[in-house]
Amino acid sequence: MLSVKHLLGIKELTVKDIEQIFKTADNFKQVLQRPIKKVPTLRDTTVANIFFENSTRTRLSFELAEKRLGADVVNFSASGSSVSKGETLIDTVNNILAMKVDMVVMRHAASGAPWFLANHIDASIVNAGDGTNEHPTQALLDAYSMREKLGSLKGKRITIIGDIMHSRVALSNIFCLNKLGGEVTVAGPPTLIPKHIESLGVRVEYNVKKALEWCDVANVLRIQLERQHKPLFSTLREYSIYYGVNRDMIDSLKKDIIIMHPGPINRGVELNSDVADSRQSIILDQVENGVAIRMAVIYLLSGKREVE
Amino acid sequence: MKIVILVKTLLNSDKLNITLQRLAHQLVENHLSFKDTVLIGIQPRGILLSDRIFQLVQTITGNKKIGYGRLDITFYRDDVQSRDIQVPTDTDIPFSIEGKSVVLIDDVLHTGRTIRSAMDALIDYGRPKRVELLVLIDRRFSRELPVQPDYTGHSVDTILTQKVKVYWSEKDGKDEVVLIDKV
């Protein structure tokens, strides 16, 4: 049983919670490898996936996870909804809950939106990404995938490369890896690395090559042009030359490192195809593990709870 | 505060041993060489029984290739929302059960709900030819579902507040089955 009622951020989770999610995900991974990839555990539960922001992987992954737990699923996306008529977040969610929905999976462009919602509704909330803050299930599946390759993450070195400033994946990953005993370096152009990020217990490196030489795992992040409201680097081509990860760079390292990317990839910008599709890349394992991790999170949050 | 009292000892170490021997022989009598029969223990406590039965059957038949698996039924329970979330244990069935005779093994048969879940879980791994049930202790007249064992170690009449505890030397330091009550 988790120590939290909602999965809002990795920040609130204990190491024990994370271990329990991983342990449960192991079991669900087993289920997903059977001919019948489904269990009836949550057949009395209805989950609403409320997405105020675009998503392919996360939304599909959540929906599959819910369906494979036997839950009923309703999907909601902000475009084409009454949100454009001016309905507030609480009203929208309360209306969905009035239709007897038990759990809410939400992605929102505003950082902190799930915390705000958690104060106003009774149902359990799973944060599927809030603005530039957290994306807990992504961090869990990233750590789970690393652990699958490396065993324990204690003392392992992970470099997170790219748009750290606008990335909720980066922040959740930092929290998660720190809790599991990993060492983290963030790398990228100075304009995309927030000031004082060292206070989170990470190293900062502006030279991608050096950062790669240091690490066991490189988690390459997407350049989030949609969140960059002012120019933070001159051109994508220049970014690619100085901060993109390519084959030559990987081959020049003295060791084999693991390459990860949360998707969607801007091929040829932050990550070249000859790296993304190489045997060192575990990008598709990440996607596969995502379903098992989300099944574990939803399952562990679905039990009976004491009324506070 | 509730006090746990020992109502009686159902099986001591010697009797437990004899019972296990009998159950294993009964299995062999019905399945001979275990060519198309596999044993599946139900996690977590049924495993301790099925480990013993598996060893005995191997010794009796001399067949070292009998299929033996462990089944976790956590995700198939019908009471997920009404009780604390259970952390699952591993399912390990390293063979196909398609067309096989399966002997499900659990330590105590009470309401029958665990076995219902186990059958649902089992069917998701394939279509067995037939499924049998072996239990060490059958708590008679307390069934909530129409489930009956094919092989029974020991039958006992109990009331709802009572509980059957099965101890195994591997885990609990002693071989013993007791009936307890909380008053």
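For clarity, every value in this text was computed on a predicted model and none was experimentally measured. A, B, ... follow the sequence lines: proteins, then strands. Residue 1 opens every chain.
- In B:Lys163, the NZ atom is not crowded: 12 or fewer heavy atoms of neighbouring residues, nucleotides or ligands sit closer than 6.0 Å.
- For B:Tyr76, the parts lying under 4.5 angstrom from a heavy atom of chain A are both the backbone and the side chain.
- In the displayed structure, B:Lys64 atom NZ is contacted under 6.0 Å by more than 12 heavy atoms of other residues, nucleotides or ligands.
- In this structure, the side chains of B:Asp78 and A:Arg43 come closer than 4.5 Å at one or more pairs of heavy atoms.
- Between A:Asn27 and B:Thr91, the shortest heavy-atom contact is ND2-N, 4.5 Å.
- In A:Lys29, the NZ atom is crowded: over 12 heavy atoms of neighbouring residues, nucleotides or ligands sit closer than 6.0 Å.
- With a 6.0 Å radius and a threshold of 12 heavy atoms from other residues, nucleotides or ligands, B:Asp172 has its CG atom above the threshold.
- More than 12 heavy-atom neighbours from other residues, nucleotides or ligands sit within 6.0 angstrom of CD1 on B:Ile159.
- Among B:Asp120, B:Ile123, B:Thr89, the residue with the largest count of heavy-atom pairs under 4.5 Å with chain A is B:Thr89.
- Atom CZ of B:Phe75 is separated from atom CD of A:Gln30 by 9.0 Å, given to the nearest 0.5 angstrom.
- The pair B:Asp124-A:Lys37 fails the salt-bridge criterion, with no side-chain N (NZ, NE, NH1 or NH2) lying under 4.0 Å from an Asp/Glu carboxylate O.
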